[in-house]
Amino acid sequence: MSIERYNARAAESRWQQVWDAGNVFATCNEDVRPKYYVLEMFPYPSGRIHMGHVRNYAMGDVVARYKRARGFNVLHPMGWDAFGMPAENAAMDNRVPPRAWTQQNIAAMKAQLKSMGLSLDWSREIATCDPSYYRHQQKMFLDFLAAGLVERKQSKVNWDPVDQTVLANEQVIDGRGWRSGAPVEQRELTQWFFKITKFSEDLLTSIDRLDRWPDKVRVMQRNWIGRSEGLLIRFALERTTTSAGETELEVFTTRPDTIFGMKFMALSPDHPLAQSAAAKNPELAAFIAECKRTGTAQELIDKAEKLGFDTGIRAIHPFDPTWKLPVYVANFVLMDYGTGAIYGTPAHDQRDLDFSNKYGLGNTPVVCPEGQDPQTFVITDIAYDGDGRMINSRFLDGLTIAEAKEQIAKRLEREVRGNQPIAQRQVNYRLRDWGISRQRYWGCPIPIIYCASCGVVPVPEADLPVKLPDDIEFDRPGNPLDRHPTWKHVVCSNCGGEATRETDTMDTFVDSSWYFARFTDPWIETRPTDRKAVDEWLPVDQYIGGIEHAILHLLYSRFFTRAMAATGHIGIDEPFEGLFTQGMVVHETYRTADGAFAAPAEVKIEGAGDVRRATLAETGEPVEIGPIEKMSKSKRNTVDPDDIIGTFGADTARWFMLSDSPPERDVIWTEEGVQGAWRFVQRLWRLVNEAAEFSREAPASRPPVFSGSAIAVRKAAHGALAKVSENIERLRFNVCIAHIYEFANSLQAILASSPQRVPDLKFAVREAAEIMVQLFHPMMPHLAEECWAALGHKTLLAIHSWPEVEHDLLLEDTITLPVQVNGKKRADVTIARDARNADIEASVLALDAIKRALDGKSPRKVIIVPQRIVNVVA
RNA sequence: GCGGACGUGGCGGAACCGGUAGACGCAACGGACUUAAAAUCCGUUGAGGGUAACCUCGUGCGGGUUCGAGUCCCGCCGUCCGCACCA
């Protein structure tokens, strides 16, 4: 019998049409089954999908198809993160309007996603650039504003001079804009902020509850929020030394225990006290100006010397009125953390020590490491920040650091100056409010108007959405909304007078902070969410995406969910119950002699191992094989999903993406790996057809007794079923695939041994073939449907339920235990599963190999681990 | 500097809660089929020793706990990632 090769191309589009026509993956909100919401991070419509998308969506689809088979009502939607800079860049480069450019890209990518055979509910598709989406975002902005969660304030912002826009702190990487790569400048602008810091504590402590998130992400979020506990101390200033009558200086410290090691105070150049002192001291003013010029670029910060300028101001030590401390302005003190002023304890802080050594301020160690003689403990170039006991610290001497901190806090809290305690305990966070204003066109308009007489006026709800105009000029950089002839001119909704619109649009991270909620009911027009739908579907049970969103997107979404809860749009505060961050797709790089990168498609590889060499396919020019790196356009080491799907089919691409590496790790794309996956597709097709042929006219009902080989087949099938089920649940797709290979090997071996076609074996083979097809269905749905039909089924596998494991089959009557002597394996013993220990011991000691290993000695002890192992201790 | 993860054959990786290390795939080698190729099938493949049954060594390095350690503990080395003048 010869079986025709599986034609992936034809079969895949055929099954995609069948699924489409049957509306198989559309999810209904009214359904009695338990819900399961699986979501992959929605893509930016750049125009083409890349292999990273294939990996991400293949994983999500495995979960979706598996959970569906498990009887869940699965929500698995897809949409487009459609606002953002590239559309504007394209508009400037190619004179295509951003909306048209975006829509074209969406259409192209949607076709690509469809060719992957993903079980998505396309009826819920949303695009964030659609007014039917962003109008609700505007509504929520207004609700947040009313609830005190939005603020307009002047602030120093990160300005990207190339993109001509403001960037969030998170979008500044190494002092450069995350998109343009241009060095970021500081500017004072009036901006809109979401008050994420209102939730600092809750965002931090709730991380503990996210037990289905990767530890890595949880740690990153904790660090980002950056809570630190300390003491806010009010230092008195020597009145005669201040220029504008200031009497005190507030300082935040996490190390109040070192208060007797203090040598100086330092102010940020932006500190008000520094400013007022500078007003009367031109040299100081010049120093401050110099500090600001240094900028925030990372290289500069790293290299920058600690510089200071003595203001002449003197602070008074809280425990000793005669102890005066010089107040410097220093370039390393940040204005926006704590109070913008610090006290310096050189012996125990490296920065303070560098500073002190430069200006000859000395140091006094106040913490002495255990076991070190305080008399000989001297600090020169390296500050000591470890544990120890207090020294040189008056009433603190001999205490631990923790005890000393507590002592200082207690004493200073009690002490009062001008009705106020001198110090209070304070918690500080690194997290800053989220500035969302962007000077861009292609984003969600901020629904605010500015009236000369009424001031800042929220756009009335009835006037929403504030729509983006389509007639836009992209002849120069900057924000085209600002120079549009009519768009921004409106009448004040309050007084009817002349007014102008806010021309800034929202950061695109706002768009992606709530899309998961909109998917639960994307049709409702009157409100952002239907409460019944969000309450039913949220939280997302499994969210899957790249680690690059570990902080920004996930933290913003967590904030947004809380803000939506505060304004009644949602009933929960954590949006994603399970999070999985998948690794990247990486590939070798190739360079020609002139240093230019060559694409994999242009390169021909010959040989293997050490003699592996590459040439340009067209010219034969030798090519150097470079390091394996993330697929990127600049390195030209990308592989186009369309090419792979066109050549091998979507199933092969999906299978390979899931098979080679653990999903959280990077996967190396190799031609050999894809070939291997493709061979296996063909092999499965043959195997299932052979099994179908073998089991023709198998009994419809289960035979009462199975013979030996039938039992072996059934054990292999149910063993694989148990393993694959377990490992899909744990998202260990590579392990699932190994078990499927193993199962295929054993089924193939049994069929190849040409057993007699007895009814019970026919039944078992048929059952095994069906289980096999169902096991690989989540990964290779098209092939699975094709095989399912080949097995004679008239209904779709996509809506078929998952097979049940027969656990009895997995229990053997006799088991083979490894037998060790002193921890080294010497033999196996086969014994009844429920044999008593005494019997096992007797059989073990009777084994020739064990006798030999014991060499006449008598065993001291025999350890029997039930069902696992026997160890004879000699 | 702070924080985190990881280190297993030629390669990707597997090994539940401490219990047969190397499943499964890739590559390689040998063979079958074929005029030939492709496809497919069979076999070998951690290192060393032995004709063989088998034996010795082996999960980055050094110690420790244990009947037993890839897995747990202590100390190193290396790689990768995140944050970074945060007081």
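Throughout, protein chains are lettered first and strands after them, A, B, ... in sequence-line order, and every chain is numbered starting at 1.
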Participant: Check whether any side-chain N or O of Ser228(A) sits under 4.0 Å from OP1 or OP2 of rA87(B), and answer yes or no.
Facilitator: yes
Participant: Locate the shortest heavy-atom distance separating Met265(A) from Met262(A); write the atom from each residue and the value.
Facilitator: SD-SD, 4.1 Å
Participant: What's Arg826(A) touching, base or sugar-phosphate or nothing? Going by heavy atoms closer than 4.0 Å.
Facilitator: sugar-phosphate
Participant: Under 4.0 Å between a side-chain N or O of Lys824(A) and OP1 or OP2 of rC57(B)?
Facilitator: yes
Participant: For nucleotides rA39(B) and rA47(B), find the distance between their P atoms and express it as a whole number of Å.
Facilitator: 27 Å
Participant: Under 4.0 Å, counting only non-hydrogen atoms across every strand here, what does Glu742(A) touch: a base, just sugar-phosphate, or nothing?
Facilitator: sugar-phosphate
Participant: Can the ring centres of Phe235(A) and His317(A) be said to be less than 6.0 Å apart?
Facilitator: no
Participant: What nucleotide, of rC85(B), rA87(B), rA84(B), holds the atom closest to the side chain of Thr253(A)?
Facilitator: rA87(B)
Participant: Taking the P atom of each, how far is rC83(B) from rC29(B), in whole Å?
Facilitator: 45 Å
Participant: Looking at Arg430(A), I'd like to know whether one of its side-chain N or O atoms comes within less than 4.0 Å of OP1 or OP2 on rA84(B).
Facilitator: yes
Participant: If I take atom CG in residue Asn822(A) and atom P in nucleotide rU56(B), what distance separates them, rounded to the nearest angstrom?
Facilitator: 11 Å
Participant: Taking rG4(B) as the reference, what is the distance to rU40(B) when you measure between their C1' atoms (whole Å, please)?
Facilitator: 48 Å
Participant: For rA14(B) and Asn727(A) - does any side-chain N or O of the residue sit under 4.0 Å from the phosphate oxygens OP1/OP2?
Facilitator: no
Participant: Which nucleotide sits closest to the side chain of Ile863(A): rC67(B), rA27(B), rC41(B)?
Facilitator: rC67(B)
Participant: Taking only the P atom of each, what is the distance from rC24(B) to rG30(B) in whole angstrom?
Facilitator: 23 Å
Participant: Check the phosphate of rA14(B) against Asn734(A), side-chain N and O only, distance under 4.0 Å to OP1 or OP2. Yes or no?
Facilitator: yes
Participant: Please work out if Val819(A) contacts a base, only the sugar-phosphate, or nothing of the nucleic acid, heavy-atom cut-off 4.0 Å.
Facilitator: nothing
Participant: Measure from the side chain of Gln820(A), starting at C-beta and using heavy atoms only, and say which of rA87(B), rG19(B), rA23(B) lies closest.
Facilitator: rG19(B)
Participant: Counting heavy atoms from C-beta on, name the nucleotide in rC24(B), rA14(B), rC83(B) closest to the side chain of Ala738(A).
Facilitator: rC24(B)
Participant: Rounding to an integer number of angstrom, what distance separates rU59(B) and rG46(B) when you compare their P atoms?
Facilitator: 16 Å
Participant: For a quick check of understanding: with a heavy-atom distance under 4.0 Å over all strands, which category does Arg860(A) fall into, base, sugar-phosphate or nothing?
Facilitator: nothing
Participant: At under 4.0 Å, does any side-chain N or O of Tyr741(A) touch on OP1 or OP2 of rG25(B)?
Facilitator: no
Participant: If you compare every side-chain N and O of Arg665(A) against the phosphate oxygens of rG7(B) (OP1, OP2), does one of them come in below 4.0 Å?
Facilitator: no
Participant: Just checking, any donor-acceptor pair under 3.5 angstrom between side chains of Gln424(A) and Arg234(A)?
Facilitator: no
Participant: Using the C1' atom in both, what is the distance from rC77(B) to rG9(B), to the nearest Å?
Facilitator: 22 Å
Participant: Give one of base, sugar-phosphate or nothing for Val219(A), where a contact means two heavy atoms less than 4.0 Å apart.
Facilitator: sugar-phosphate
Participant: Is the distance from the ring center of Tyr343(A) to that of Phe264(A) below 6.0 Å?
Facilitator: no
Participant: If only side-chain N and O atoms of Arg730(A) are considered, is one of them under 4.0 Å from the OP1 or OP2 phosphate oxygen of rC16(B)?
Facilitator: no
Participant: On a whole-Å scale, what distance lies between the C1' atoms belonging to rC16(B) and rG64(B)?
Facilitator: 26 Å
Participant: Applying a 4.0 Å non-hydrogen cut-off, can you work out what Asn745(A) is touching in the nucleic acid: base, sugar-phosphate, or nothing?
Facilitator: sugar-phosphate
Participant: Mapping Gln748(A) and Asp385(A) to their closest nucleotides on RNA chain B, which lands nearer the 5' end?
Facilitator: Asp385(A)
Participant: Go nucleotide by nucleotide along RNA chain B from the 5' end; which of Ser661(A) and Thr816(A) gets its closest nucleotide reached first?
Facilitator: Ser661(A)
Participant: Only Watson-Crick and G-U wobble pairs, only distances under 3.5 Å, only runs of 3 or more: what stems does that leave for RNA chain B?
Facilitator: B:1-7 with B:77-83, B:10-12 with B:24-26, B:28-32 with B:40-44, B:46-49 with B:54-57, B:60-64 with B:72-76
Participant: Can you tell me, in whole Å, how much space there is between the C1' of rU79(B) and that of rG68(B)?
Facilitator: 31 Å
Participant: By nearest atom, which of the nucleotides rC67(B), rA14(B), rA84(B) is closest to the Asn871(A) side chain?
Facilitator: rC67(B)
Participant: Looking at Arg732(A), does any N or O in its side chain come under 4.0 Å of the phosphate oxygens OP1/OP2 on rC16(B)?
Facilitator: no
Participant: Could you walk me through whether Phe656(A) and Trp669(A) pass the ring-ring contact (aromatic ring centres under 6.0 Å, His included) check?
Facilitator: CA-CA 8 Å; Phe656(A) 177 58; Trp669(A) 183 274; 5.0 Å; yes
Participant: Could you tell me whether the phosphate oxygens of rC26(B), OP1 or OP2, come under 4.0 Å of any side-chain nitrogen or oxygen in Arg679(A)?
Facilitator: yes
Participant: Starting at NZ of Lys358(A) and ending at P of rC85(B), how long is that distance when rounded to a whole Å?
Facilitator: 20 Å
